[in-house]
Each structure stands twice: as C-alpha cells, then as structure tokens.
Number of protein chains: 2
Amino acid sequence: MTATEETVALSEPSVEEAYGRLAGAIDRGALATLFGECTVEYDGRAASSLGPGRRHVMCKPDGTVLVHTDEGQKPVNWQPPGSEQEARLENGALELHSRRENPDEELVVRFTDIAHLAVFETGDDGANLSVAGTEEDMKRRILEEPELIEPGFRPLATERSTPAGAVDVYGEDREGRVVILELKRRRVGPDAVGQLNRYVEALERDLHAGVEVRGILVAPSVTDRARRLLATNGREFVSLSP
Amino acid sequence: MTATEETVALSEPSVEEAYGRLAGAIDRGALATLFGECTVEYDGRAASSLGPGRRHVMCKPDGTVLVHTDEGQKPVNWQPPGSEQEARLENGALELHSRRENPDEELVVRFTDIAHLAVFETGDDGANLSVAGTEEDMKRRILEEPELIEPGFRPLATERSTPAGAVDVYGEDREGRVVILELKRRRVGPDAVGQLNRYVEALERDLHAGVEVRGILVAPSVTDRARRLLATNGREFVSLSP
DNA sequence: GCCTGCATCTCGTCC
DNA sequence: GGACGAGGTGCAGGC
C-alpha cells in the first residue's frame with residue numbers, strides 16, 4: 001500500500017508530482033511532510049537565510065510550517081499558525097511559500113530534491129493533555145494550606161491587580177501586615193526578584209499611607225545573585241516546590 | 001521505490017516491522033518519523049498525560065523527540081537533545097521510550113496503529129543560518145552611531161557587569177553623567193523596566209558616592225504601563241528599531 | 001555544570 | 001487585538 005485516501009507517501013517523487021501532492025494537501029487541510037534538499041529564506045519580525053541542506057518540513061492544516069534539521073528541539077525556521085501556504089513550481093524546483101499578516105512575515109522553502117513526501121489525514125485530535133506540576137498547582141496548595149508560607153498567613157485574593165500588574169497571591173500575615181507572594185515553579189534568578197519588587201513598590205505607592213508591604217518569593221530555590229538582590233531590597237524567600 | 005539505504009518509508013506497517021525499523025534507525029543515528037494512533041506519558045520537570053489520537057512523532061539522531069498534533073507550533077510533548085531512545089514491543093503495541101538525566105525525565109509514546117513510518121539519512125547539515133534584526137544588531141548600530149541615543153552620548157563598554165547582572169551598553173552623556181542602556185528588539189512591557197531598574201539601582205549602589213545613573217530603555221516602542229513605570233522610576237525611553 | 005538573558009520566543013488569558 | 005506573564009520554555013555565551 002503506497003497511497004490511499006488516508007495517507008499518501010512518495011519516495012523520491014518528481015518535483016511535479018510533489019508539487020501536485022503538496023498543493024492538494026494544503027487545499028484539503030491535510031498535514032504534509034517533506035524531506036529533502038532545500039534552502040530557506042525568511043523575512044518578517046527578523047530576517048534569515050539558510051543555505052542548502054537536507055531538512056524535514058512539516059505543513060500543518062492550521063497554517064503552521066516547521067523546518068527541522070537533524071539537530072535541536074527548535075525548528076531552524078518556522079511560520080506560526082494562521083499563515084497561508086502555497087506550493088509553486090519555479091525553475092524546476094518546488095517552493096513552499098508561507099505568508100501571514102500582522103506582523104507581515106514570509107517564509108520560502110525551496111526544494112531542489114525531494115527524498116520523501118507524505119500526506120496525512122489528521123481528523124480531530126483528542127488533544128486532552130493534562131499537565132501537573134505548574135505554578136497554578138502551587139497556588140492551589142498554598143490556598144489550601146497557607147501555613148506552607150508561614151504560621152498565620154492568610155490569603156485574601158489571587159491575581160490582585162496593582163499598577164504594575166497582577167500579584168499571584170495577596171494576603172496578610174499574623175500581625176495584619178500586607179503580604180504578597182510571587183510564585184515560581186522552578187529555581188529563580190534576578191528577574192523574579194525584579195518582578196516581586198515591581199509589585200511591592202507599586203502596591204506601597206497605591207496604598208500610599210506609608211503602608212509596609214512584605215514581598216515573598218516562593219520557589220523551589222534561588223540563585224546566589226537573586227538571594228543577594230532579595231536581601232538588598234528587603235524581600236523574603238520561602239522554599240516550595242510545585 | 002519504497003526502501004533504500006537512503007530512505008525507508010512504510011505505509012501501515014505491522015507493529016513488528018515498525019519496531020524493527022525504528023530500533024534500527026535509533027541504532028544507526030538516523031532521523032525517524034512516525035504517524036499514527038498513540039498515547040503519550042511524560043514525567044520529569046512536570047508530568048503530563050495525553051489520551052489517544054493521531055500524531056506525528058519525530059526522533060532525531062541527537063536525541064530529540066517531538067510529538068506534534070495537527071495544531072500549534074509547539075510540540076504537544078517532547079524530549080530534549082541528549083535523551084536516550086529505545087523502541088519496545090509491549091502487548092502488541094510499539095512503544096518509544098525516551099529518557100534523560102539531570103533532570104530525570106521520561107517520555108513514553110505508545111502506538112496502537114502506525115499509519116506511516118519513515119527513516120532518513122541526514123548527513124551533515126550546512127546549518128549556516130544567518131539572522132538579521134537581533135538585539136545584537138541594535139547594539140552595533142548604537143556603537144557606530146551613538147547619536148541615535150542622544151547628542152553627546154559616548155558608549156564606554158558593553159556587557160559591563162554590575163551586582164545585578166551585565167548592562168547592555170554603559171556610557172556617559174555630554175555632561176559626563178553615567179548612562180546605561182537596556183536594549184530590546186521589540187515593543188517592551190513592565191518586565192524590561194524592571195530589568196533597567198535593577199541595573200540602575202545596583203550600579204548606583206556599586207558606585208556609592210551618591211552618583212546619579214541615568215537609565216534609558218531603547219526599543220521600538222513601549223506599552224502604556226511600561227511608560228508609566230518608566231516615569232515613576234525616573235527612567236527614560238528612546239525609540240529605536242533593530 | 002550553573003547562571004544569565006535573548007527569542008521571528010509560543011501560548012493562554014484577560015481586558 | 002493588545003497586554004501581560006507562564007513555560008517541562010529552548011538556546012547561546014560566560015564563568
């Protein structure tokens with residue numbers, strides 16, 4: 001079996017044959033993959049040029065295009081969902097043009113040799129991915145068991161808005177002082193301290209009357225520099241893992 | 001042509017045949033792709049479970065594994081470069097096990113039906129990707145033409161280290177005041193202001209003697225909230241695109 | 001190996 | 001549609 005309505009798979013197809021299959025796949029909203037010798041040009045938010053080499057190209061029905069080399073988790077070039085694809089025959093080569101607007105971006109993959117082309121009908125994906133161990137999970141645990149932060153801590157709100165953005169958890173300590181928590185699911189660096197500082201300062205300014213606001217960074221661990229920044233700014237740290 | 005030393009492509013292979021081909025590809029350091037009905041379990045930095053559905057799986061010779069559905073630019077599940085792959089036959093299903101250490105992470109893709117399997121020899125990729133329009137490009141332009149910031153600005157160093165991290169550009173204004181620049185290749189939000197603040201405050205503390213340090217955010221544009229934060233903190237903004 | 005910050009980040013969510 | 005922040009972020013560069 002080499003081709004059905006379900007799956008098309010061609011090894012070393014002619015450029016013309018590949019063109020027809022690719023155009024058909026784009027038209028039908030199927031998922032197409034190609035592997036072969038190609039160059040890639042991109043122009044949009046940035047601009048890039050990739051010389052000849054053997055790569056894997058995936059063309060999704062939602063408009064995504066991914067160009068993968070034999071290394072790395074990230075595609076070497078890509079186009080986001082919502083882009084418009086078009087197959088073209090140009091001077092004996094197969095070109096995949098992908099364009100989107102806002103921002104204006106174009107990607108062109110030019111194949112001089114196609115080792116393999118495949119087209120798949122995807123149908124609905126259950127897409128029922130459940131993930132555990134997120135920052136959201138940490139938040140739930142803290143709301144259920146506020147003593148994980150410190151004895152007497154009382155959460156009053158989540159995502160409380162401040163002029164600098166929304167605070168993860170807003171509450172009071174046993175002495176009634178305002179406490180805000182910034183949660184991170186992994187070891188934190190200076191950026192998280194900066195974020196906490198922004199919220200604390202914005203809130204102190206917002207509550208004006210010289211109110212003291214305690215800021216606590218909650219994460220599995222901190223880097224040295226982040227710890228020093230916390231100390232310098234008078235913020236605190238509580239170790240908690242998701 | 002359905003199979004050569006260069007490329008193997010099988011439509012609706014038996015589980016046993018697919019197992020042999022996949023194991024061989026992993027062994028040889030080839031790039032393998034599968035498409036078919038599968039479930040995915042992941043446990044590591046987080047944990048996730050993905051119910052049955054038709055997906056595309058790519059297995060790179062560098063140890064990367066990518067599981068793609070018909071939507072989205074990001075894989076629904078993955079394993080980073082350096083992971084170890086193993087194919088297994090379990091109860092009439094083909095399983096791809098991927099494991100890595102530090103952090104300990106495992107991914108298992110279990111295929112109950114394989115619509116297509118392909119194996120590609122990649123050989124060296126030219127990998128000569130050149131990108132333009134990065135933050136690095138902005139920095140070069142500013143060093144060549146400091147007046148893009150303001151008349152009389154003199155850059156003295158790049159990546160100058162402070163207790164809070166390295167500053168993009170460090171220099172002096174026409175009056176001899178210390179100026180630091182934080183560059184961003186795109187429109188900036190509050191996080192960039194926080195970053196700039198960290199650097200300015202760390203540097204003022206470091207130079208102690210009550211030295212005033214000017215902090216300028218250099219980017220194509222700013223959000224409203226970021227602009228307010230800049231004003232509140234006495235920082236400046238210069239519009240420049242990469 | 002860890003730390004730090006960029007990225008055509010992507011993605012969801014909320015406004 | 002923009003803004004804001006999380007992410008199993010990935011990735012390069014420095015130490």
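These figures come from a predicted structure and were not determined experimentally. Proteins get letters first, then strands, A, B, ... in listed order; numbering begins at 1 in each.
The gap from the P atom of dC4(D) to that of dG8(D) amounts to 23 Å, rounded to the nearest Å. Here, dG7(D) and dA7(C) have their C1' atoms 13 Å apart, quoted to the whole Å. Across the P atoms, dC11(D) and dC11(C) are found 15 Å apart, a figure rounded to whole Å.
The side-chain contact (heavy atoms from CB on, under 4.5 Å) search around A118(B) returns H116(A), T33(B), H116(B), F120(B), not counting sequence neighbours. Listed by chain and residue number, D62(A), T69(B) satisfy the side-chain contact (heavy atoms from CB on, under 4.5 Å) test with E71(B) (two or more places apart in sequence, or in another chain). For the ring-ring contact (aromatic ring centres under 6.0 Å, His included) test, no residue two or more places apart in sequence or in another chain qualifies with H68(A). Applying the side-chain contact (heavy atoms from CB on, under 4.5 Å) rule to A219(A) yields the partners K184(A), V188(A), F237(A); only residues at least two apart in sequence or on another chain are considered. In terms of the side-chain hydrogen bond (donor to acceptor under 3.5 Å, both in side chains) criterion, residue partners of S221(A) (sequence neighbours excluded) are, by chain and number, R187(A). Scanning for salt bridge (charged side-chain N to carboxylate O under 4.0 Å, His left out) contacts around R225(B) gives an empty result, with sequence neighbours left out. Partners of D224(A) under the side-chain contact (heavy atoms from CB on, under 4.5 Å) rule, at least two apart in sequence or in another chain, are R228(A).
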Just the table, please: protein N/O against nucleotides 2-4 of chain D N/O, every pair under 3.5 Å.
residue : atom : partner : partner atom : Å
dA3(D)  : OP1  : R187(B) : NE           : 2.9
dA3(D)  : OP1  : R187(B) : NH2          : 2.3
dA3(D)  : OP2  : R187(B) : NE           : 2.9
dC4(D)  : OP1  : R225(B) : NE           : 3.1
dC4(D)  : OP2  : T223(B) : OG1          : 2.6

Close N or O pairs between protein and nucleotides 13-15 of chain C (under 3.5 Å):
none

| note | Whether each nucleotide of nucleotides 8-15 of chain D has a protein heavy atom under 4.0 Å at its base (B), only at its sugar-phosphate (S) or at neither (-) is summarised, 5' to 3', as BBSS----
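Sorted by first then second residue, the salt bridge (charged side-chain N to carboxylate O under 4.0 Å, His left out) pairs that include residues 33-52 of chain A, not counting sequence neighbours, are R45(A)-E105(A). Residue pairs satisfying the salt bridge (charged side-chain N to carboxylate O under 4.0 Å, His left out) criterion with at least one member in residues 158-172 of chain A, sequence neighbours excluded, are listed as follows: K139(A)-E159(A), R154(A)-E172(A).
For Q195(A) and dG7(D), the CD to C1' distance is 13 Å, given to the nearest whole Å. Counting to the nearest Å, the C1' atom of dT4(C) and the CG atom of D191(A) are 9 Å from each other. We find that CG of L66(A) is positioned 11 Å from P of dT10(C), with the value rounded to whole Å. Between the CD atom of E135(A) and the P atom of dG7(D) there is a distance of 5 Å, rounded to whole Å. What separates CD of E101(A) from C1' of dT8(C) is a distance of 17 Å, to the nearest Å. Distance, E182(A) CD to dG7(D) P: 10 Å, rounded to whole Å. Distance CG (L217(B)) to P (dC6(C)): 11 Å, rounded to an integer number of Å. Between the C1' atom of dT10(C) and the NZ atom of K60(A) lies a distance of 12 Å, rounded to the nearest Å.
Here the shortest heavy-atom pairing between V200(A) and R235(A) reads CG1-NH1, 3.3 Å.
Residues R214(A) and E236(A) are paired through a salt bridge, judged by an N-O separation under 4.0 Å between the basic side chain and the carboxylate.
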